[in-house]
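Atoms considered below: every heavy atom in the structure, side chains included; atoms not considered: hydrogens, waters and symmetry mates.
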Amino acid sequence: MPVGSGRSATARLAASTTATTLLVAAATVPAGWPYWERHRLAAVPNVGVAVALVVAGMLLRGDPSSRRCGELLALGGLCCPLTWLMSWDVGPLPLIAVLGQSAYWVAYAWGLLLYPGNTLRGRADRWWVTSAAVILLGGQVLTVVISRPSWNGFTDGVLWPAPLLVGRARFEAALDVLLVLYVLVPVTFVLLAVARIRTARGLERVVAGPVLLSAGFVALVAAVTYPGLMAEPGLGRIEDAVALQGAASIVSPVVLLAVGARRRLLLTTTADRLGREIGSPTPASVRAALRDLLRDATLEVYYRQPGTCRQPDTEVLVDLHGQVVDLPPEDHRGERSDRPGPEQRWYVPVRSAAGAPVAVLSIDPVLRRHRRQVAATLAAAAAALEQARAQSGLRAQLVRLGEERRRAARTQAHEWALVGRELDDGVRRRLAELAAAAGDVARTVSEPATARALAEIGEGLRAAHGELADITREAHPAVLERDGLLPALESLAAGLGLGGPSLLRVPAGRFDATAERAMYAALAAALRAIAATGSTAPCPAAAGSVRGAARVEVRAEGAMLVGEVTCAVPVAGGVRAAADHARALGGWVAVRGVAGGATTTRVTVPCG
């Protein structure tokens with residue numbers, strides 16, 4: 001919107017609000033002058049409630065997201081002067097007054113239930129508005145058509161159509177029933193307000209909570225004064241009760257104006273507060289600042305990044321950690337919908353000053369009723385989001401490289417398993433057959449030199465067979481493939497003499513095959529380092545202490561598989577040479593000394 005257009009709209013709003021305020025104030029004073037002349041102090045809050053309601057309604061009406069709410073509150077303010085026409089007690093004025101009072105309460109409460117948006121929140125709200133309109137407006141019409149004016153506190157000479165006039169006893173019986181309903185209306189409003197406050201979240205609680213609390217106070221005052229208003233009909237008594245209700249009613253409009261002024265102040269200071277919250281822009285600091293300003297702990301920022309090398313013309317969305325996310329596609333209006341219903345997420349696109357797409361925000365749908373606050377916050381955060389997007393792009397590239405590295409590691413592990421099976425099933429079997437054949441030939445040859453040569457060949461073939469068995473067993477033992485991590489580590493620990501199964505705390509279940517291979521390779525290297533340290537110990541007692549103190553523990557922590565090998569004494573060497581596979585999968589290996597000279601090797605690999 002052009003600056004001039006915005007200023008002219010603000011000027012028109014200010015002019016119309018001022019004119020309407022003066023008109024309402026000028027109308028309320030003469031409307032109730034017979035009563036204000038005797039109770040001038042009571043005129044101040046009662047004129048003030050009409051003015052405050054109209055001002056609040058006009059300001060809310062200027063925002064499209066709260067137009068209906070503002071119209072209803074302004075209507076309630078305009079009904080205030082009509083209520084005080086009863087003090088003249090002539091002609092049709094009392095009839096207009098009693099109907100105006102009912103319309104005032106319906107419009108006032110209806111507008112507060114809409115606040116700060118344009119729609120009622122649920123079935124309970126709709127039922128309450130319908131019931132309140134029927135009881136207050138319908139009940140007032142009923143009391144008119146079945147009674148005389150004097151039964152309601154007015155003189156018999158006023159205009160009072162009563163086509164269904166009944167006896168005084170029947171009228172009082174109907175009045176008793178209506179009195180119960182009139183008290184139930186504000187009481188149920190209080191219950192609705194309490195339920196709304198308890199279920200409100202984030203910015204909604206800050207904006208609507210004080211208004212609904214003050215409205216609940218007004219409703220309680222109305223519930224308390226209704227019995228006195230109807231018990232002894234007399235114009236003076238009725239006027240006193242209405243004045244008390246009006247004085248209490250000013251609380252909500254004043255709170256409404258205060259909340260509105262605070263919202264305007266927050267809008268004008270959004271950029272400053274956001275700058276202080278963000279500091280140096282990073283994806284994490286930008287998200288934290290947006291969550292704080294919009295009071296939405298579920299807010300997420302998804303940054304737009306160029307597509308992969310295979311699809312350079314496409315754009316993808318990545319989260320705070322650089323992971324690609326799939327959001328619902330945009331419709332013809334440029335909006336996204338993930339699921340039907342009022343709780344679907346609100347996806348808000350963010351563009352740079354040049355109009356290029358920067359990010360998409362996933363926001364609590366409650367904030368749809370606070371579009372101006374959201375728009376101001378995003379406008380202030382656009383530059384920081386662009387800077388954070390660059391960092392997010394680097395992180396996304398690292399994530400893609402990590403995925404490629406893990407994919408290559410899995411492929412390598414799979415190929416190594418195939419090689420191991422080929423060595424085990426093919427080469428070793430052929431070596432065994434050749435060794436057996438050499439032995440058979442050696443036994444049939446009569447020449448000693450030839451027999452010795454064939455025997456040496458057979459021994460060499462059997463030695464090669466054993467070496468291949470050691471290679472395949474250490475790198476990829478068959479028991480790991482067949483039974484899992486626990487039996488494989490038990491077999492290895494027993495072969496190295498590092499204690500029985502009681503020192504192995506390993507789950508019996510199966511994990512991801514690639515994670516199991518990487519974990520076994522790293523833990524096996526650590527156990528062999530412990531065995532090597534024990535074999536070089538200066539005495540058998542020291543060697544036994546090294547072997548007996550070795551402990552292995554494997555556990556799942558979320559999406560990670562964690563293994564620890566602990567030895568009570570310092571261990572020479574480690575698993576750094578065998579940790580490449582774990583690092584290739586996105587894991588890591590750490591060797592650290594602990595109290596008493598012990599060594600702990602911690603291996604972490606992604607599982608799944």
Side-chain angles (χ1 to χ4, degrees), residues 15-58 72-109 111 136-137 140-141 143-144 147-161 182 218 221-222 224-226 228-254 256-257:
S16 60
T17 301
T18 303
T20 307
T21 299
L22 295 175
L23 179 63
V24 171
T28 307
V29 172
W33 182 249
Y35 183 76
W36 306 137
E37 189 177 14
R38 304 188 306 272
H39 307 84
R40 300 195 177 189
L41 289 178
V44 176
N46 281 272
V47 174
V49 70
V51 172
L53 272 179
V54 171
V55 171
M58 295 291 288
L72 285 169
L73 291 178
L75 176 61
L78 294 175
C79 289
C80 286
L82 299 180
T83 302
W84 284 106
L85 292 174
M86 69 174 66
S87 61
W88 292 93
D89 198 17
V90 294
L93 298 184
L95 180 62
I96 296 174
V98 294
L99 296 177
Q101 186 192 26
S102 297
Y104 161 74
W105 284 114
V106 172
Y108 187 15
L136 296 180
L137 293 174
Q140 192 62 66
V141 170
T143 57
V144 170
S147 67
R148 299 183 183 277
S150 58
W151 299 351
N152 295 273
F154 305 108
T155 59
D156 284 332
V158 301
L159 178 64
W160 198 267
Y182 286 166
V218 174
V221 172
V224 170
T225 54
Y226 263 129
L229 180 66
M230 305 178 66
E232 298 180 10
L235 184 56
R237 188 179 183 87
I238 293 175
E239 289 173 328
D240 291 341
V242 172
L244 178 60
Q245 291 180 354
S249 300
I250 198 173
V251 177
S252 286
V254 170
L256 193 60
L257 290 174

State, yes or no, whether a side-chain contact exists between Thr155 and Val158 at a heavy-atom distance under 4.5 Å.
-> yes
Flag side-chain contact, heavy atom, 4.5 Å: Cys80 against Asn46 = no
Between side-chain atoms of residues 90-100 and protein atoms elsewhere (two or more places apart, or another chain), which donor-acceptor pairs fall under 3.5 Å?
none

Give me the atom names and distance for the closest heavy-atom approach of [X] to [Y].
{"X": "Ala50", "Y": "Val24", "value": "CB-CG1, 3.6 Å"}
{"X": "Ser87", "Y": "Gly32", "value": "OG-CA, 3.4 Å"}
{"X": "Ala31", "Y": "Trp88", "value": "O-NE1, 2.9 Å"}
{"X": "Gln140", "Y": "Tyr182", "value": "N-OH, 3.4 Å"}
{"X": "Leu53", "Y": "Gly76", "value": "CD1-C, 4.1 Å"}
{"X": "Gly77", "Y": "Pro81", "value": "O-CD, 3.3 Å"}

So with a 6.0 Å cut-off around CZ of Arg148, is the heavy-atom count from everything else above 12?
-> no
Given the rule in the side chain to side chain donor-acceptor pair (under 3.5 Å) test, do Ser147 and Asn152 qualify, once you have shown the distances and angles that lead to the verdict?
-> CA-CA 8 Å; Ser147 67; Asn152 295 273; 2.9 Å; yes
In Å, rounded to the nearest 0.5 Å, how long is the span from [atom1] of [X] to [atom2] of [Y]?
{"X": "Arg40", "Y": "Trp33", "atom1": "CZ", "atom2": "CH2", "result": "4.5 Å"}
{"X": "Trp160", "Y": "Thr143", "atom1": "CH2", "atom2": "OG1", "result": "6.0 Å"}
{"X": "Ile238", "Y": "Thr83", "atom1": "CD1", "atom2": "OG1", "result": "12.5 Å"}

Looking at [Y], is its backbone amide N or carbonyl O close enough to the side chain of [X] to form a donor-acceptor pair, meaning the two atoms are under 3.5 Å apart?
{"X": "Ser150", "Y": "Asp156", "answer": "no"}
{"X": "Ser252", "Y": "Ser249", "answer": "no"}
{"X": "Trp36", "Y": "Thr28", "answer": "yes"}
{"X": "Asp89", "Y": "Phe154", "answer": "no"}

Under the side chain to side chain contact (heavy atoms under 4.5 Å, CB included) criterion, do Val54 and Val51 qualify, and how do the steps go?
-> CA-CA 5 Å; Val54 171; Val51 172; 6.0 Å; no
Under 30°, 30 to 60°, or over 60°: which ring-plane class applies to Tyr104 and Tyr108, parallel, tilted or perpendicular?
-> tilted
Please assess Gln101 against Gln245 for the test side chain to side chain contact (heavy atoms under 4.5 Å, CB included), listing each intermediate value before the final yes or no.
-> CA-CA 11 Å; Gln101 186 192 26; Gln245 291 180 354; 3.5 Å; yes
Between Asp240 and His39, is a side chain to side chain contact (heavy atoms under 4.5 Å, CB included) present by the stated rule, with each step listed?
-> CA-CA 9 Å; Asp240 291 341; His39 307 84; 4.3 Å; yes
